[in-house]
Amino acid sequence: MNCKKARDLFSAYFENSIDASRGTELEHHLAECEACNRTYERFKYAISIMESLPEVGPPRSFRAGVMARVESAKRGVPARVRWWRLDWQRVFTIRVPARVAAVGLAVLVAFVMSLQFLPPLRTGIASLFWAQKPAETPISTLDQDSARAPKPWTPEKTNGSGLIVTLDTESPGVYLLRLHTKSLKPAAFEIDVSGTKYSGYVLADKPSEIRVPAPHSGSVRVVHVAWSIGEWGRYQTIFLPSKLQSRTATRTFEIEQATVSDVLRKICKDYGVAIIAWGNLGKQIGYAQVYQATPDDALYECLSRVGLKAYGVASSVYAVEPVR
Amino acid sequence: MSERSAGAKAGSFGDYEQLGENVLIERCKSGDTAAFDEIVRRFEKRVFNYALRVTGNYNDACDVAQEAFIRAFHSIQTFRGDAKFATWIYRIVTNVYLDERKKHKSHPTISLDDTIELEENSVTRQIEDSTPSPDEILQTKERMRVLQRVINALPDYQRIIITLYHVEHRSYEEIAEILDLPIGTVKSRLNRARLAIAEMLESEPELFG
């Protein structure tokens with residue numbers, strides 16, 4: 001008996017379903033062939049450990065998710081509207097509810113999409129947020145122009161010349177926020193570091209730096225930055241962990257009914273990564289399950305469903321922004 | 001009064017838990033979604049676990065398992081009842097998985113070396129993070145992860161057969177029915193898959209002494 005034939009018989013031999021004469025032949029071969037004998041030992045071991053693979057259940061909301069799809073399939077999705085084939089007279093009567101619903105849905109989608117193109121938060125809103133108290137540690141006074149309501153921010157016009165926030169670790173336990181701009185106009189900013197407010201402006205040749213102490217172990221420091229250049233601006237949130245860790249760690253967790261902000265705070269804390277984010281962080285993420293994921297995967301899993309994306313900008317630092 | 005309308009009147013979920021599989025399926029066929037909900041409740045663990053072992057990834061498993069149930073719901077009329085529902089749903093999960101694979105032909109095959117390296121990193125990280133895990137638990141977990149990676153590295157048909165036999169504990173006859181293959185082919189493929197796993201584990205002496 002050659003080795004190939006012998007190995008073909010391993011399962012039958014192991015399960016005792018081999019006929020006696022073939023079994024004896026195989027036993028002779030195993031006694032003579034050390035390689036096959038070793039492989040058979042390994043073969044038996046492989047079978048034994050496969051039996052010990054644990055059963056993993058689905059996420060808690062799995063069944064509800066299936067049933068939601070079943071119910072929606074049962075109700076029936078409105079037929080696709082062919083605008084050129086619509087009987088418009090009937091569209092506006094209550095006798096064609098499916099079509100009315102379809103038109104309504106299309107209008108709603110258009111409305112929601114138009115909202116997506118508006119800036120999520122503007123400096124004007126942020127200014128209102130901080131207008132209650134004057135800055136405690138003013139670096140310099142705010143440009144009067146920034147009090148005007150800003151126009152929507154358009155990426156084409158800014159050409160990347162807004163306020164650039166970079167993060168550095170100066171020494172253990174201290175983060176260095178460096179604010180600079182490539183714009184020819186002054187970039188006015190307001191920063192809130194755990195209740196301590198800073199405001200001022202930076203110029204192309206006059207950057208600014210703010211030292212932020214790292215939070216206590218196991219907590220997260222959240223820094224809000226609002227800035228404006230002329231008539232446009234942005235509101236950014238920076239999540240800082242107690243200690244930066246490498247991005248290769250994996251974690252398993254699930255979130256349910258949490259806002260983007262809550263999730264970023266959790267990812268910052270659990271993985272030890274800093275996150276600089278802008279966009280609507282108040283959006284709700286219904287449910288997300290993260291299984292043995294790196295921070296890249298965890299961020300993708302949680303943010304992709306709310307129109308945000310994340311990318312690494314340095315080791316242990318991520319930027320989060322709306323998908324455009 | 002028919003079985004169906006009696007159940008609909010009774011209406012509470014508690015009643016459905018008492019019902020046999022065939023009755024539930026008959027109710028599903030007549031459009032009773034609560035009966036289907038009960039079917040999902042009974043099979044979700046098995047279906048999900050099978051999808052997880054076959055896809056090798058939690059998120060894909062969620063998608064495949066959910067899609068399989070939706071397909072089952074839509075084609076419940078074609079379920080004749082001469083096979084067990086479990087066999088039928090395993091067949092659907094397998095088809096959903098293979099269809100997905102076809103769609104994503106570019107799906108990267110995970111190299112065993114890469115995964116082992118990655119696993120080592122994650123273990124190192126866990127130790128650095130001083131997670132309170134006894135060494136044995138860590139080693140068992142690690143062993144299971146490597147084993148899953150090894151299973152992931154098998155060709156589709158071997159991975160499916162290994163999972164059905166060793167994880168889902170299906171018989172040769174059932175596997176033959178699920179995969180629409182002769183029993184002899186199932187047996188020879190299972191043998192090949194076991195040999196492949198044995199060979200791959202040989203490169204992991206520190207974990208699989």
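Chain naming here is simple, since letters A, B, ... match the order of the sequence lines and numbering starts at 1 in each.
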Flag this pair as yes if the NZ/CZ of A/K309 is under 6.0 angstrom from the six-membered ring centre of A/Y300 and inside a 45 degree cone about the axis; otherwise no.
no
Could you have a look at B/N49, B/V47, B/V40 and say which one has the most heavy-atom pairs with chain A under 4.5 angstrom?
B/N49
When you measure from the centre of the six-membered ring of A/Y271, is the NZ or CZ of A/R251 closer than 6.0 Å and no more than 45° off the axis?
yes
Among A/S11, A/G57, A/P58, A/A12, which residue forms the greatest number of heavy-atom pairs with chain B at distances under 4.5 Å?
A/P58
Checking A/R22 against A/Y13: charged group under 6.0 Å from the ring centre and within 45 degrees of the axis?
no
Checked B/I70, B/T163, B/I197 vs chain A; the most non-hydrogen pairs under 4.5 Å come from B/I70
Just give me the residue among B/E67, B/E199, B/K187 that pairs up with chain A most often, heavy atom to heavy atom, under 4.5 Å.
B/E67
Can the positive tip of B/R189 be found less than 6.0 Å from the middle of the six-membered ring of B/Y157, inside 45° of the ring normal?
yes
Taking side chain as everything from C-beta outward and backbone as N, CA, C, O, which of these in A/S52 sits under 4.5 Å from a heavy atom of chain B? Side chain, backbone, both or neither.
both
Whatever's closer than 4.5 Å to a heavy atom in chain B on A/M50 counts as both
Is A/H28 atom NE2 crowded by more than 12 heavy atoms from other residues, nucleotides or ligands, each under 6.0 Å away?
no
Pairs of heavy atoms under 4.5 Å with chain A: top-ranked of B/V167, B/N57, B/N59:
B/N59
CD/A/E34: more than 12 non-hydrogen atoms of other groups inside 6.0 Å:
no
At a 4.5 Å cut-off on heavy atoms, which part of A/E301 comes close to chain B: side chain, backbone, both, or neither?
side chain
